[in-house]
Number of protein chains: 2
Amino acid sequence: MVKVNLTKRQKEIIDTALNLTAKGGIQNLTIRNLAENLGITEPAIYRHFKNKSEIVKTMIKNFEVAGNQKIASVSNEGITGVEKFVKSRFSLVAANPPLAKVLFSEELFMDEPEYSELLISMMHKHKNSLKVMLLKAQEDGDIRNDIEFDMLFRLIMGPVRLLIKQWGLSNAAFNLIEKGDLLWESLKKTLKS
Amino acid sequence: MVKVNLTKRQKEIIDTALNLTAKGGIQNLTIRNLAENLGITEPAIYRHFKNKSEIVKTMIKNFEVAGNQKIASVSNEGITGVEKFVKSRFSLVAANPPLAKVLFSEELFMDEPEYSELLISMMHKHKNSLKVMLLKAQEDGDIRNDIEFDMLFRLIMGPVRLLIKQWGLSNAAFNLIEKGDLLWESLKKTLKS
DNA sequence: TTATAGTTAGTTAACGGTAACTAACTTGAG
DNA sequence: CTCAAGTTAGTTACCGTTAACTAACTATAA
């Protein structure tokens, strides 16, 4: 199990780790680079984390929390819940830009099965909470009924992920929140029943 | 510039490179692993490529060609062109499954700016050829007019990319072509004017 | 109040392993 | 005989990690 309550130093370390990963991939996330960027020596890192794996896993777990985001817990709010969820993705990333380059990058962590599993389980958690809301939205008549959930999920999260990726690749060259709102408007238009 | 005409051995090398990258990320793409999988020694690799960078760049350039795919050249076919393009993405990947784990994974190659630039330029090429077709499709009245191109691009390619990613993460657990056809049907439904 | 013991967070030096790459030699086919 | 394609044996640089030690702070018992 990975710690949830982090010391100030631990937070600094995983924050630096996220920045290094965002800048140059996991290849760039080395203990040496970490220490250098923190202004301490490599062994000092091990006073705060057992090993590199714990650092990476803690970093991944904190993707969620990075922007002090609380994931709507089993909300059954229908389409407003979907909207909240989608928009929370944008504000999460906007508040912590390096996230744009790693949040939806499952491939970055595929060298260690432990990492991929963590990410995939997070993806499934999201999918499940969206499922409840989307089915409710279909019931409410807010979302068309002629497309099944799995496909609906792709139609929504695909563009969301792509927009965030484009924002990351462009180095935050546009206003993500604005474009995100616009995307949501387009999604509502195309998916309403 | 990277070579286009490859010897049999060079093709073997980049094919192996793709498989290694698909299996464990760029961390897994090492000269040692390459040589081992090819049944030769490491220095022998350098008889066929100047250095590792050339191998990776050649591999990326060949993403397009992997399935003997010819990218529709400045087609102005409207919606049928869009359909052809989208479906060609699925058949490209289905014909060469490891592609699913690297084709849309710009982050995998962000350690070397040269690599990212290559990938981004490919993405732009796609976007531009889609632009011609989509504008024509809007003119023809096949696609709704109340969404501008950039957003339309996201609404289409987002789900396409996500489906391919899911197929890769699931280790080809479902029929990509069938699900791809279904996705296209859903896209047509939601985007028709 | 102050000596003792323990903790925290850092240091320097070194370990074994692996990365990409190279020089120099060998082999086999045309 | 030549030369493309392989080999063996090395290089330098970096990886994660550990050992041994220390300065500075904190808690406790006499």
Side-chain angles (χ1 to χ4, degrees), chain A residues 2-3 5-60 102 107-116 118, chain B residues 2-3 5-60 102 107-116 118:
Chain A
V2 179
K3 293 269 287 291
N5 288 347
L6 303 174
T7 67
K8 178 185 281 189
R9 202 40 143 186
Q10 285 176 320
K11 275 181 216 155
E12 286 172 3
I13 291 174
I14 65 160
D15 186 61
T16 307
L18 179 62
N19 275 292
L20 287 171
T21 309
K23 195 184 288 173
I26 359 99
Q27 302 234 85
N28 198 41
L29 176 52
T30 65
I31 301 293
R32 238 183 268 278
N33 278 344
L34 261 180
E36 205 171 295
N37 275 269
L38 286 161
I40 56 177
T41 58
E42 299 163 53
I45 305 278
Y46 291 88
R47 292 287 167 205
H48 307 278
F49 286 98
K50 189 173 138 264
N51 51 35
K52 188 183 173 180
S53 173
E54 292 299 316
I55 296 176
V56 177
K57 285 190 284 185
T58 306
M59 181 180 81
I60 293 175
V102 300
E107 315 83 354
L108 264 183
F109 304 95
M110 54 186 195
D111 58 311
E112 273 271 6
E114 255 187 309
Y115 304 159
S116 337
L118 245 178
Chain B
V2 178
K3 293 270 287 291
N5 288 346
L6 303 174
T7 66
K8 177 184 285 189
R9 200 41 141 187
Q10 285 177 320
K11 276 180 216 155
E12 286 171 2
I13 291 174
I14 65 158
D15 186 60
T16 307
L18 179 63
N19 276 292
L20 287 172
T21 309
K23 195 183 290 175
I26 2 100
Q27 302 234 84
N28 197 41
L29 176 53
T30 66
I31 302 294
R32 237 197 270 283
N33 278 346
L34 260 179
E36 204 171 294
N37 276 269
L38 286 160
I40 57 178
T41 59
E42 299 165 51
I45 304 278
Y46 292 90
R47 293 283 168 208
H48 305 279
F49 285 98
K50 189 173 136 266
N51 51 35
K52 188 183 173 180
S53 173
E54 291 300 315
I55 297 176
V56 177
K57 286 189 284 185
T58 307
M59 180 179 81
I60 293 175
V102 301
E107 315 85 353
L108 264 184
F109 303 97
M110 48 186 201
D111 57 312
E112 273 272 6
E114 259 186 309
Y115 304 159
S116 334
L118 246 177

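Below, chain A is the first sequence line, B the second, and so on; all start at residue 1.
Between the C1' atom of D/dG16 and the CG atom of A/Asp111 lies a distance of 14 Å, rounded to the nearest Å. Atom-to-atom, CD of A/Glu112 to C1' of D/dG16 comes out at 12 Å; the value is rounded to the nearest Å. Separating the CD atom of A/Glu42 from the C1' atom of D/dC14 is a distance of 10 Å, rounded to the nearest angstrom. Rounded to whole Å, the distance from CD on A/Glu36 to P on D/dA13 is 16 Å. The CD1-P distance, from B/Ile45 to C/dC21, rounds to 11 Å in whole Å. Protein atom CD of A/Gln27 is 13 Å distant from nucleotide atom C1' of C/dT18, rounded to whole Å. As rounded to whole Å, 4 Å separates atom P of D/dG16 from atom NZ of A/Lys52. For the pair A/Phe49 CZ and D/dG16 C1', the interatomic distance rounds to 16 Å; values are reported in whole Å.
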For this session: Check the pair B/Ile13, B/Thr58 against side chain to side chain contact (heavy atoms under 4.5 Å, CB included), reporting the backbone distance first and the verdict last.
Result: CA-CA 10 Å; B/Ile13 291 174; B/Thr58 307; over 6 Å; no
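With hydrogens and angles ignored, the 3.5 Å screen pairs no side-chain donor or acceptor of A/Lys57 with any backbone N or O of A/Leu118. Side-chain atoms of B/Gln10 never come within 3.5 Å of backbone atoms of B/Phe49 as a donor-acceptor pair (strictly under, hydrogens ignored).
Counting all heavy atoms, side chain and backbone alike, A/Met59 lies closest to A/Leu29 at CE-CD2, 4.4 Å. Contact record, A/Phe109 with A/Ser116: O-OG, 3.4 Å, taken as the closest heavy-atom pair.
Within 4.0 Å of A/Leu34, counting heavy atoms only, lies no atom of the nucleic acid at all.
Taking side-chain N and O atoms only, A/Thr41 has no distance below 4.0 Å to OP1 or OP2 of C/dG10. For B/His48, no side-chain nitrogen or oxygen approaches OP1 or OP2 of D/dA4 to under 4.0 Å. Phosphate contact (OP1/OP2 of C/dA19, side-chain N/O of B/Arg32, threshold under 4.0 Å): present. At C/dG10, one or more side-chain N or O atoms of A/Arg9 fall inside 4.0 Å of OP1 or OP2 (strictly under the cut-off).
Candidate nucleotides D/dG16, C/dT22, C/dC21 were compared by shortest atom distance to the side chain of B/Asn51, and C/dC21 ranks first.
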Exercise. Base, backbone or nothing for each nucleotide of nucleotides 25-30 of chain C, written B, S, -, heavy atoms under 4.0 angstrom, 5' to 3'?
Worked result: B-----
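Heavy-atom distances to DNA chain D give each of A/Asn33 and A/Lys50 a nearest nucleotide, and the one nearer the 5′ end belongs to A/Asn33.
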Show me the side-chain donor-acceptor pairs of residues 17-27 of chain B shorter than 3.5 Å, one per line, residues at least two apart or across chains.
from	atom 1	to	atom 2	distance (Å)
B/Asn19	ND2	B/Asp15	O	3.0
B/Thr21	OG1	B/Ala17	O	2.8
B/Gln27	NE2	A/Asp111	OD2	2.5

